[in-house]
Student: 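Let me give you the structure first, and then I'll get to my questions.
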There are 2 protein chains.
Amino acid sequence: MKKTKDENKEKQILDAAKSIFQSKGMDGARMQEIADKAGINKAMLHYYYRSKQLLFEAVFKNAFSLLAPQLNAVLNDDASIESKVRNFTSNYISFIAEHPYLPNFIIQELNRNPEFIIKLKDNPNFLNLDKFKVQVEQEVEKGIIKPISAEQLFINIMALNIFPFVAKPLLMAFTNTDNSAYKQLIEDRKTEVADFIINSIKHT
Amino acid sequence: MKKTKDENKEKQILDAAKSIFQSKGMDGARMQEIADKAGINKAMLHYYYRSKQLLFEAVFKNAFSLLAPQLNAVLNDDASIESKVRNFTSNYISFIAEHPYLPNFIIQELNRNPEFIIKLKDNPNFLNLDKFKVQVEQEVEKGIIKPISAEQLFINIMALNIFPFVAKPLLMAFTNTDNSAYKQLIEDRKTEVADFIINSIKHT
DNA sequence: ACATGGTTTAACCAAATGGTTAACAAATTT
DNA sequence: AAATTTGTTAACCATTTGGTTAAACCATGT
């Protein structure tokens, strides 16, 4: 029962790789460390995934495909902007709290290798702002929200939600909080951020 | 005239190191590459800065000491919150546009090595939120701005200003912009972000 | 001129690293 | 059950990498 064609082993390797790559990045990760974490021989890594690069890409795509659906929720949904902002903010913060390395990993590796995103954009269900854009324009026209471009609003939503995770060590130092106090700050943001955005854009 | 005690050489090395470290990070940087960029022998790096680690720390501290004064401007200044937000946003975006790798470098390396910030916090003129906190509380009490904690406001300001640089490749892909269009988006944010924040917090 | 002391270089080194190989073990096919 | 394919391992390999060394270089003080 040891040497069965193990659907699991592939996953097992991927999990170990994910953990190492996401905390140390492509350059900082060591194949030996991944092998150790997966509890297998280093040669096995190359047997299942031919090279470090390919293993990395598998991890990266996997990570990205976790993030994408979360973002699509803000965009391709028929609720009002306000309701979408509230839902997204709360959901997203919960989501990241369970995958703390995710945003930083993706951002970091995309900066290291910006051409990488080209491959991702080919994916047919890659994030698309078109619908969101129309909706923002409509609500602006109807006077529900103040004039703002969809792109800027989208960037603001992303920034307010993601940045506190990406810059955690820096912000912990600046706000002089320890881990648990910072966690509370983040928890508060589930409603705080939505209010901040709505306050800013809602017509009075 | 070649072999004089060259105050300059040290700087020359630091500049090369800065450029390599900031674009590739500690793990991705190679001593040889830094030497090449500085136009010197690899052994010289070790002559001036004993090790990669020390050279890196010199670069990091240097980078951080560029950033800090910018942030202090938001905090330890007597202008109103509104005026500070407007000034900071415009200034900071200009500043980063000239040091595009800076925020990402600092954030990335602090995530790689969170203990690193402890050394920085020892510095007596390390960023301190106390004054800002008092000011926010006062303006809230006077009814100038809506109730918000200084920490959350500070995080929001940081997020809205810094994130677009840190996540540039990701946001370029999502907003489907090329380099020059993205540059324009950023340029617009010099006033856009300030308005967004002020709209949100100013009492009507 | 030459001794001195900081500066610079080419050659070298040991450790680490991604990757390969060849042999072995366990399933699967025939 | 023999043959073949698939999974697994230890040992090995070439290259890269941070770092060292010993000798050369050169400006300056004596």
Side-chain angles (χ1 to χ4, degrees), chain A residues 1-63 105 108-109 112-113 115-116, chain B residues 1-63 105 108-109 112-113 115-116:
Chain A
M1 59 172 291
K2 256 176 63 186
K3 306 281 174 85
T4 327
K5 169 76 170 180
D6 210 340
E7 294 286 319
N8 228 11
K9 184 127 309 178
E10 216 160 321
K11 183 74 180 341
Q12 190 181 330
I13 293 175
L14 206 66
D15 283 346
K18 190 185 296 188
S19 150
I20 302 293
F21 276 133
Q22 289 192 2
S23 65
K24 309 206 167 181
M26 170 68 165
D27 291 331
R30 296 290 156 246
M31 292 298 267
Q32 186 59 60
E33 201 179 355
I34 295 172
D36 291 348
K37 184 138 208 163
I40 58 167
N41 191 289
K42 182 161 67 89
M44 287 295 286
L45 293 183
H46 291 90
Y47 180 76
Y48 281 98
Y49 302 81
R50 291 178 46 101
S51 65
K52 188 185 184 184
Q53 179 65 27
L54 287 174
L55 178 53
F56 173 79
E57 285 178 19
V59 168
F60 187 87
K61 280 173 193 155
N62 191 286
F105 172 66
Q108 176 54 24
E109 298 302 328
R112 205 177 50 86
N113 186 1
E115 314 90 58
F116 206 58
Chain B
M1 61 173 291
K2 257 175 63 185
K3 308 279 177 84
T4 328
K5 168 78 171 178
D6 211 340
E7 294 286 318
N8 227 12
K9 184 127 308 178
E10 216 160 320
K11 183 75 180 340
Q12 190 181 329
I13 293 175
L14 205 67
D15 283 345
K18 189 185 296 190
S19 150
I20 301 294
F21 275 133
Q22 289 192 1
S23 65
K24 309 204 165 180
M26 170 68 164
D27 291 331
R30 296 289 155 248
M31 291 299 266
Q32 187 60 60
E33 201 179 355
I34 295 173
D36 290 348
K37 184 137 208 165
I40 58 166
N41 191 287
K42 182 162 67 88
M44 287 294 286
L45 294 183
H46 291 90
Y47 181 75
Y48 281 98
Y49 301 82
R50 291 177 45 100
S51 66
K52 188 185 184 185
Q53 179 65 26
L54 286 174
L55 178 53
F56 173 80
E57 284 178 20
V59 168
F60 187 89
K61 279 173 194 157
N62 191 285
F105 172 65
Q108 177 53 25
E109 297 302 329
R112 205 177 51 86
N113 186 2
E115 313 90 58
F116 207 57

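Below, chain A is the first sequence line, B the second, and so on; all start at residue 1.
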Student: Using whole Å, what does the distance between atom P of nucleotide C:dT17 and atom CD1 of A:I20 come to?
Tutor: 13 Å

Student: Which letter, B, S or -, goes with each nucleotide of nucleotides 14-21 of chain D from 5' to 3', with contact meaning a protein heavy atom under 4.0 Å?
Tutor: ---SBBBB

Student: Nearest whole angstrom, please: distance from the P of C:dG18 to the CG of A:L54.
Tutor: 14 Å

Student: Starting from P on C:dT7, measure out to CG on B:L45 and report it in whole angstrom.
Tutor: 15 Å

Student: To the nearest angstrom, how far is A:K9 atom NZ from D:dT6 atom C1'?
Tutor: 13 Å

Student: Do any N or O atoms from the side chain of B:S19 and from the backbone of B:D15 form a donor-acceptor pair under 3.5 angstrom?
Tutor: no

Student: In this structure, which one of B:L14, B:L45, B:I40 forms a side-chain contact (heavy atoms from CB on, under 4.5 Å) with B:I34?
Tutor: B:L45

Student: In whole angstrom, what separates B:I40's CD1 from C:dT8's C1'?
Tutor: 10 Å

Student: Under 6.0 Å from the six-membered ring centre of B:F21 and within 45° of its axis: does the NZ or CZ of B:R112 meet both?
Tutor: no

Student: With a 6.0 Å cut-off on ring centres, are B:F56 and B:Y49 close enough?
Tutor: no

Student: In whole angstrom, what separates B:I13's CD1 from C:dT7's C1'?
Tutor: 11 Å

Student: If I take atom OH in residue A:Y48 and atom P in nucleotide D:dT6, what distance separates them, rounded to the nearest angstrom?
Tutor: 12 Å

Student: With a 3.5 Å distance limit and no angle check, can you tell me whether A:K52 reaches the backbone of A:A29 through a side-chain donor-acceptor pair?
Tutor: yes

Student: What is the separation between atom CE on B:M44 and atom P on D:dA24, rounded to the nearest whole Å?
Tutor: 18 Å

Student: Backbone N or O of B:M26 within a donor-acceptor pair of the B:E109 side chain at under 3.5 Å?
Tutor: yes

